[in-house]
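What follows is a single structure, written as structure tokens, with notes after it.
Sequence lines set the chain letters: A, B, ... in the order given, protein chains first and strands last, and positions in each chain run from 1.
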Amino acid sequence: MSFDVARIRQDFPILGSMVRGKPLVFLDSGASAQKPRAVVQAMVRSMEERYANVHRGAYQLSEAATADYEAARAAVARFLNAADPREVIFTGNSTAAINLVAHSWGRGVMRPGQAVLISELEHHANIVPWQMLRDDGRGIELRVCRVTDSGELDMEDLAAKLADGKVGLVSIAHMSNVLGTVVPAERIVAMAHAAGAKVLFDGSQAVVHRKVDMQALGADFYVFTGHKLYGPTGIGVLWARLEHQERMPPFLGGGDMIASVSFERTTWAEPPAKFEAGTPPIVEAVGLHAAIDYVTAIGMPAVEAHERTLVDHAMRRLSDIDGLSLLGAAQDRGGVFAFGLDNAHAHDLATLLDRAGIAVRAGRHCAEPLHARFGVEGGTCRASFGLYTTEAEIDYLAEALTKAREFFS
Amino acid sequence: MSFDVARIRQDFPILGSMVRGKPLVFLDSGASAQKPRAVVQAMVRSMEERYANVHRGAYQLSEAATADYEAARAAVARFLNAADPREVIFTGNSTAAINLVAHSWGRGVMRPGQAVLISELEHHANIVPWQMLRDDGRGIELRVCRVTDSGELDMEDLAAKLADGKVGLVSIAHMSNVLGTVVPAERIVAMAHAAGAKVLFDGSQAVVHRKVDMQALGADFYVFTGHKLYGPTGIGVLWARLEHQERMPPFLGGGDMIASVSFERTTWAEPPAKFEAGTPPIVEAVGLHAAIDYVTAIGMPAVEAHERTLVDHAMRRLSDIDGLSLLGAAQDRGGVFAFGLDNAHAHDLATLLDRAGIAVRAGRHCAEPLHARFGVEGGTCRASFGLYTTEAEIDYLAEALTKAREFFS
Amino acid sequence: MFDDLRDLYQEVILDHGRKPRNLRRLQDADRSAKGDNPMCGDRMELFLKLAPDGSIADAAFEGRGCAISMASASLMTETVKGKSAAEAHKLGEGFRALAMTGTCPDCGASLADEMERLQPLSGVHEFPSRVKCATLAWHTLNAALDGGSKEASSE
Amino acid sequence: MFDDLRDLYQEVILDHGRKPRNLRRLQDADRSAKGDNPMCGDRMELFLKLAPDGSIADAAFEGRGCAISMASASLMTETVKGKSAAEAHKLGEGFRALAMTGTCPDCGASLADEMERLQPLSGVHEFPSRVKCATLAWHTLNAALDGGSKEASSE
Ligand SMILES: Cc1ncc(COP(=O)(O)O)c(C=O)c1O
Ligand SMILES: Cc1ncc(COP(=O)(O)O)c(C=O)c1O
């Protein structure tokens with residue numbers, strides 16, 4: 001099937017909107033992607049035809065809803081090429097998934113004297129939970145792998161920081177939400193495992209842009225969030241090996257995560273139920289399933305190829321603009337570009353672009369340390385692409401940036 | 001406006017379904033309620049017309065989505081008659097909200113030697129997080145207030161267990177999801193405060209059936225869940241006084257809950273942002289807002305009056321059935337009935353009722369200790385009503401129960 | 001109202017459900033295991049007495065639950081008596097297929113009689129949430145045969 | 001393409017944004033406060049020198065941010081010089097109304113000249129996410145006047 005972006009755009013009702021009298025040019029998919037009609041309709045159908053609370057209901061509607069919810073888990077497992085659907089835990093978003101690991105693995109399994117190794121290019125979601133673990137008085141250290149000037153992970157520094165064998169967990173973004181950098185995941189796994197460390201990848205950005213394969217990757221934990229993958233808000237995924245889930249104490253307590261409860265003693269349900277306390281995001285799971293079906297039908301290789309075209313095009317067009325500086329220049333990168341203009345603050349620039357119908361994000365994109373690392377404390381503008389982004393939109397952005405520079409001159 | 005249940009039922013597309021050839025009689029609203037068209041449509045509109053990530057976006061769509069999200073917070077505040085919208089924290093469900101308090105207040109503010117006081121009628125969501133706190137080695141004790149044979153809170157026992165002044169927090173269901181009992185909330189607040197304890201109410205059931213008023217109630221924390229209030233899954237609410245939020249350390253770390261991040265030191269955002277890490281349930285907040293508008297337009301007093309009629313009717317019809325025993329007989333109760341038949345196990349009974357198109361839940365309804373308390377370890381069937389429930393449905397249930405008894409005789 | 005439920009609740013099921021066979025504790029059991037279906041609260045404990053050749057000399061259980069799970073445990077204990085561990089495992093597999101799909105195409109002629117006896121429970125396949133009630137006894141049997149006093153769960 | 005943005009980015013704003021007045025540290029300040037808009041990363045520190053009667057003798061700031069926030073801080077420091085604390089608070093209220101709605105109907109004649117001077121920032125009300133850029137300086141002024149070296153936030 002050839003990739004027909006015009007046809008794809010018709011699947012996204014919102015892309016036909018007008019903003020301040022101009023057609024919407026949505027370049028903020030990295031923050032959250034728009035939803036295809038198939039996702040919206042699946043959620044409507046779930047609520048209007050097949051809704052009830054899941055599990056424990058011995059009647060037909062509840063059985064239907066339970067089947068839908070578990071089918072979503074199986075779909076996520078297939079999407080990740082996981083060995084077993086039970087490796088898939090549903091959470092509220094990526095942030096909740098990483099916090100789950102920081103609590104259950106970090107506080108429940110890691111030992112004093114061990115370290116967590118993150119990097120300078122992390123999103124706050126993959127920084128703050130580990131700082132909180134470090135500051136919790138359990139003797140867990142936090143190490144930070146450097147990033148090179150071109151925005152890549154400094155692999156020598158990674159090796160050096162793994163060398164003493166104290167690192168218990170390496171937790172790194174598979175793809176940066178600011179630089180677009182895709183890290184060499186297999187190599188990281190090999191190095192970490194050789195040094196006795198487990199590996200978590202924050203795949204919030206990566207799964208949107210690449211085919212990922214848990215069995216090939218060999219990591220220990222993998223995290224992503226529904227709303228960036230053209231799915232609903234309110235749902236995220238933690239993929240975790242069953243043997244790790246067995247060792248981890250539960251995080252949140254409540255219904256559905258127990259085997260039996262008495263006031264004296266409570267026993268936990270089997271994984272993954274043990275980590276899904278309370279009524280789960282049922283309708284959101286159905287929506288995520290539809291989103292996965294949607295991107296799978298297009299094909300992740302086609303999505304990736306389209307994006308490579310966009311990235312090359314954007315590189316060419318943006319480098320042509322006087323006074324514009326791009327953050328990072330990684331070899332292996334996805335469709336995310338953070339940039340500054342010499343004579344305009346990121347926020348003023350975003351406001352100008354908004355007037356032209358262009359939605360870009362301005363600020364530090366929940367990656368303040370990375371902005372400090374590159375000396376752009378004031379923030380950057382970020383344009384990020386989805387599978388519905390066109391080269392014409394990038395041309396329009398380039399034109400608007402050129403005019404913006406004139407405006408502020 | 002008079003309460004016209006036939007008209008109301010037309011707002012719920014699913015209620016017209018057929019189950020195994022029979023019209024659906026949905027009596028499991030206590031587990032999760034069905035959604036009116038207005039909620040579904042609000043979510044569709046959010047995704048098709050006004051979607052982007054909230055906060056930090058300096059463009060029109062993001063401003064629209066942010067306005068919608070914050071309008072939902074304001075709507076919840078009005079619904080609860082809270083003094084300030086900032087008292088409203090969005091979570092994933094009730095379970096997550098209680099866990100938030102157990103972590104941030106329980107581990108962050110309470111001191112060794114203090115106790116948490118719950119009761120025998122709690123849902124697991126209001127038991128397990130406190131057990132986990134007790135078992136966390138922080139010297140926090142867990143006390144359990146007795147329930148009388150008629151299914152009411154034993155107020156003498158409550159007084160006795162508060163007497164030594166060691167209780168730091170009383171955490172009680174405002175309404176039981178099994179017995180239907182509505183507890184004397186104002187009295188509990190007065191007693192707890194007099195003994196130096198804060199009060200959390202698990203309002204998961206109560207807000208669906210009664211007008212609640214935070215300013216009149218005077219509690220410290222209040223919790224409910226969207227999907228039981230005719231709203232979406234994936235969203236819950238923690239209401240917490242601002243002064244308490246100030247004292248509480250954050251629970252989950254990540255984006256949006258910080259003021260500034262460096263690897264050395266991170267500072268927290270102001271309440272309630274401090275407790276909302278990561279991308280929140282944006283579309284779900286819009287749906288919850290629509291649900292609140294929906295029940296508010298009907299009027300909580302009308303909802304309550306309709307329910308009282310149903311409760312009286314059910315009491316009459318169910319007491320007539322030979323061999324049927326009801327759990328609990330509280331004076332002040334909502335539309336939830338747990339029962340057993342002398343010659344049928346709860347699960348067999350639920351399967352029979354399902355064949356008649358009737359959806360009831362069978363089991364221990366996430367309240368295992370309560371079932372042990374009443375000597376019904378094997379579980380009960382539970383019929384629970386929503387604002388769309390009719391007397392005719394209750395008659396049909398009664399008829400089916402009579403026939404079920406014959407079937408198993 | 002419930003006539004079509006006679007498929008699921010056949011007379012033999014109701015009978016075994018009401019008066020389960022082998023409902024007792026085996027004091028001199030060689031093997032035992034506990035089974036638990038958290039979904040519906042069914043719990044059971046299974047006891048096995050083994051013959052010198054390792055085959056099942058006697059089987060009994062304690063516990064309580066719904067008609068389906070009691071009948072299944074009752075029929076299971078009757079059916080496995082005299083079977084080798086391998087045969088019992090195979091029967092269990094056959095039964096799980098029966099409970100989930102209503103038939104067991106892979107069940108060879110060698111177990112035909114036993115499968116015939118278990119057939120009344122096949123109606124459960126139309127009730128996904130009840131399948132686990134029917135399979136709990138067999139999960140527990142596996143746990144007992146696999147040699148522990150492990151806790152089995154049909155979830 | 002951006003002509004209609006001249007409402008927001010009037011020449012006076014661009015001018016103050018590029019060359020903010022009073023952008024310096026007051027070494028002998030009587031009061032100071034830090035302001036922070038986490039939303040867009042704008043940060044500033046405000047310094048006040050008070051006259052014996054408590055009125056604002058001098059005001060200056062350090063910091064960096066977008067054109068709107070720099071222009072607002074620049075205009076604010078110019079406008080509040082010579083004002084009493086009460087007048088400054090009142091001006092701040094008027095300005096917040098202006099930034100959020102585009103007008104200040106409640107602003108009396110007594111402050112007419114000062115409000116006139118701040119008028120160029122009124123265009124910000126059409127950009128909800130930018131209002132906080134404009135009001136940060138005034139939040140920080142309140143914090144300084146209320147006497148601390150408190151941290152102000154426009155969130
Ligand atoms: C009284 C009570 N508390 C807590 C809960 C948990 O709600 P949720 O599963 O949405 O977290 C429920 C519903 O299951 C309930 O009835
Ligand atoms: C790399 C990365 N990690 C984590 C997150 C957090 O995702 P969420 O806000 O859905 O939890 C994001 C997106 O904001 C991200 O880009």
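Proximity to chain C (any heavy atom under 4.5 Å) is shown, for B/Glu406, by neither the backbone nor the side chain. Contact of B/Ala404 with chain C is made through backbone and side chain together, with heavy-atom distances under 4.5 Å. With a threshold of 4.5 angstrom between heavy atoms, C/Glu11 does not approach chain B through any atom at all. Neither the backbone nor the side chain of B/Ala346 comes within less than 4.5 Å of any heavy atom of chain C.
Taking all atoms of both residues into account, the shortest heavy-atom contact from B/Asp348 to C/Ala67 is OD2-N, 2.6 Å.
Surrounding CZ of B/Arg146 are at most 12 heavy atoms belonging to other residues, nucleotides or ligands under 6.0 Å away.
Inspection of non-hydrogen atoms places B/Arg20, B/Lys22 of residues 18-31 of chain B under 4.5 Å from chain C. Heavy-atom proximity under 4.5 angstrom to chain B picks out C/Ile68 from residues 68-103 of chain C. Residue-level contacts of residues 12-19 of chain C with chain B, in order of numbering, are C/Leu14, C/Arg18; threshold 4.5 Å between heavy atoms.
Distance CZ/C/Phe127 to NE2/B/His347: 13.0 Å, rounded to 0.5 Å. The CG atom of B/Leu353 lies 5.5 Å from the CZ atom of C/Phe2; values are rounded to the nearest 0.5 Å.
Every residue two or more places apart in sequence or in another chain that forms a side-chain contact (heavy atoms from CB on, under 4.5 Å) with B/Asn343 is listed here: B/Leu341, B/Arg405, B/Phe408, B/Ser409.
Counting heavy atoms from C-beta outward, C/Arg64 and B/His345 have side chains that stay 4.5 Å or more apart.
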